[in-house]
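As structure tokens, the structure follows; a few thoughts come after it.
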Amino acid sequence: MIVWINGAFGAGKTTTARELIELIPNSTLFDPEVIGGALPYLLPPKHLAEVGDFQDLPMWRRLVIDTAAAMLGELGGTLVVPMTLLRQEYRDEIFGGLAARRVTVRHVLLAPAETILRERIADREVPPDLPDGEIRTRQWAYDHIESYRAALGSWLTADAHLVDTSALTPYETAARIAGAVGSGAVPVCDIVQTPEPTSETLAAGVLLFDEQDRVLLVDPTYKAGWEFPGGVVEPGEAPARAGMREVTEETGIVLDDVPRLLVVDWEPPAPPGYGGLRLLFDGGRLDAAVADRLLLPGPELRGWCFATEQEAADLLPPVRYERLRWALRARERGAALYLEAGVPLG
């Protein structure tokens, strides 16, 4: 199990985490700042200079997932992780990656009043040997208050177990968290557990269209980027039937007819992924009444939208957009296409 302590920069997460590991038996502290500190030794300076925050690096998010899972595999027990996560898609990617490894996460938010937060930031100790310590430590925290406030007003409060630390010491905060975790007041995060593939996979997606011929796209919580309704074909399952099953599970729509194949795309392995065959089917046009009955989003999905081909280009990762682009051409021509890495052959 992981107890993830979230909150604004300067909210006292690390201090609280150090107290918490003394209160939860067989617990260990894992501070992802260690991963960020290692990146200058692993990546070229030019690459690092292109991002303002190491959380924006996919490598950082992947290493946090892998390191946390490896530590739990080695040590067992509970991992206490103090780390600010203000972007919902990063939270979903990290928690979803952990869920895929069957690691449960209990999400706690330290939420002092903003006046108290600003006072604590002002009183933070700045290492004397840190160049521009005032800017790099205090100003960084001040600059992120607005993004913290925005997350608090949208998804963060509903997602995490809130602890008002305005009048609490770090020890009192840790004691409150330990009690809430022990009593079950902090629930396991509702993130879909999609097992990590161990070899190539066969996946089936279904394109559904509204009356304006815009395609339905969904935003999964368990991986980065927008997608089409669909998923991995289970052993012994026909791919078209798998697509129909996934459509029903994700949208509540029951397709009466087996959808027509549009593209078969071979996705090459790109570590840590294994690649495999990706099939797209034509699920047809939904009338307005059916579209209004969509059940999205659910535990697996953060959001959904109907998008034009041009709008989809801004939402989908490049390889998925190319798959969609050729699927739309195949739909127009009435003939299926074979692709390799999004490029048609033959």
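Because the structure is a prediction, the values reported are computed rather than measured. Residue numbers run from 1 in the order of the sequence given. Because only heavy atoms are used, hydrogens play no part in the values below, and waters and symmetry mates are left out as well, while side chains stay in.
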Legend entry - Distance (rounded to the nearest 0.5 Å) between Cys305 SG and Leu216 CG: 7.5 Å

Inset, instruction - Would you mind checking if Arg61 and Asp56 are paired as a salt bridge, meaning a charged N to carboxylate O distance below 4.0 Å? - result: no

Inset, instruction - Mind listing the closest non-hydrogen atom pair of Leu279 and Pro239 along with its distance? - result: CD2-CB, 3.8 Å

Inset, instruction - Indicate the atoms forming the closest heavy-atom contact of Ala327 with Leu207, along with that distance. - result: CB-CD1, 3.8 Å

Inset, instruction - Please confirm whether the backbone N or O of Leu339 pairs with a side-chain atom of Trp266, one donor and one acceptor, at under 3.5 Å? - result: no

Inset, instruction - For a side chain to side chain donor-acceptor pair (under 3.5 Å) with Lys13, tell me which candidate from Thr165, Thr84, Thr173 qualifies. - result: Thr84

Inset, instruction - State the CG-CG distance between Leu337 and Leu280, to the nearest 0.5 angstrom. - result: 11.0 Å

Inset, instruction - Quick one: sort the His107 and Phe95 rings into parallel, tilted or perpendicular, breaks at 30° and 60°. - result: perpendicular

Legend entry - Distance, nearest 0.5 Å, that separates CG of Leu86 from CG of Leu156: 7.0 Å

Legend entry - salt bridge (Lys or Arg N to Asp or Glu O under 4.0 Å) contacts touching residues 155-182 (sequence neighbours left out): Arg91-Asp159

Legend entry - Least distance between heavy atoms, Ala312 atom then Ala307 atom: N-CB, 4.1 Å

Legend entry - Sequence-distant partners of Ser154, side-chain contact (heavy atoms from CB on, under 4.5 Å), two or more places apart: none

Legend entry - Ion pair Arg245/Glu249, N-O distance below 4.0 Å: yes

Inset, instruction - Look up atom OG1 in Thr308 and atom CD in Gln310, then write down how far apart they are to the nearest 0.5 Å. - result: 6.0 Å

Legend entry - Stacked cation flag Arg260 on Phe281, 6.0 angstrom / 45 deg: no

Legend entry - Six-ring centre of Phe228, Arg323 cation under 6.0 angstrom, axis tolerance 45°: no

Inset, instruction - Drop me the distance from Leu202's CG to Arg278's CZ, to the nearest 0.5 angstrom. - result: 8.0 Å

Legend entry - NZ/NE/NH1/NH2 to OD/OE distance under 4.0 Å, Glu309 and Arg329: yes

Legend entry - Student check: side-chain heavy atoms of Pro259 and Met244 closer than 4.5 Å: yes

Inset, instruction - Salt-bridge test for Glu227 and Arg320: reply yes if a basic N is under 4.0 Å from a carboxylate O, no otherwise. - result: yes

Legend entry - Minimum side-chain heavy-atom gap Leu110-Asn6 below 4.5 Å: no

Legend entry - Heavy-atom pair with the smallest gap, counting every atom of Ala336 and Ala330: CA-CB, 4.4 Å

Inset, instruction - Using a strict 4.0 Å threshold on nitrogen-to-oxygen distance, state whether Arg285 and Asp213 make a salt bridge. - result: yes

Inset, instruction - Hey, could you give me the CD1/CG distance between Ile5 and Leu29, rounded to the nearest 0.5 Å? - result: 8.5 Å

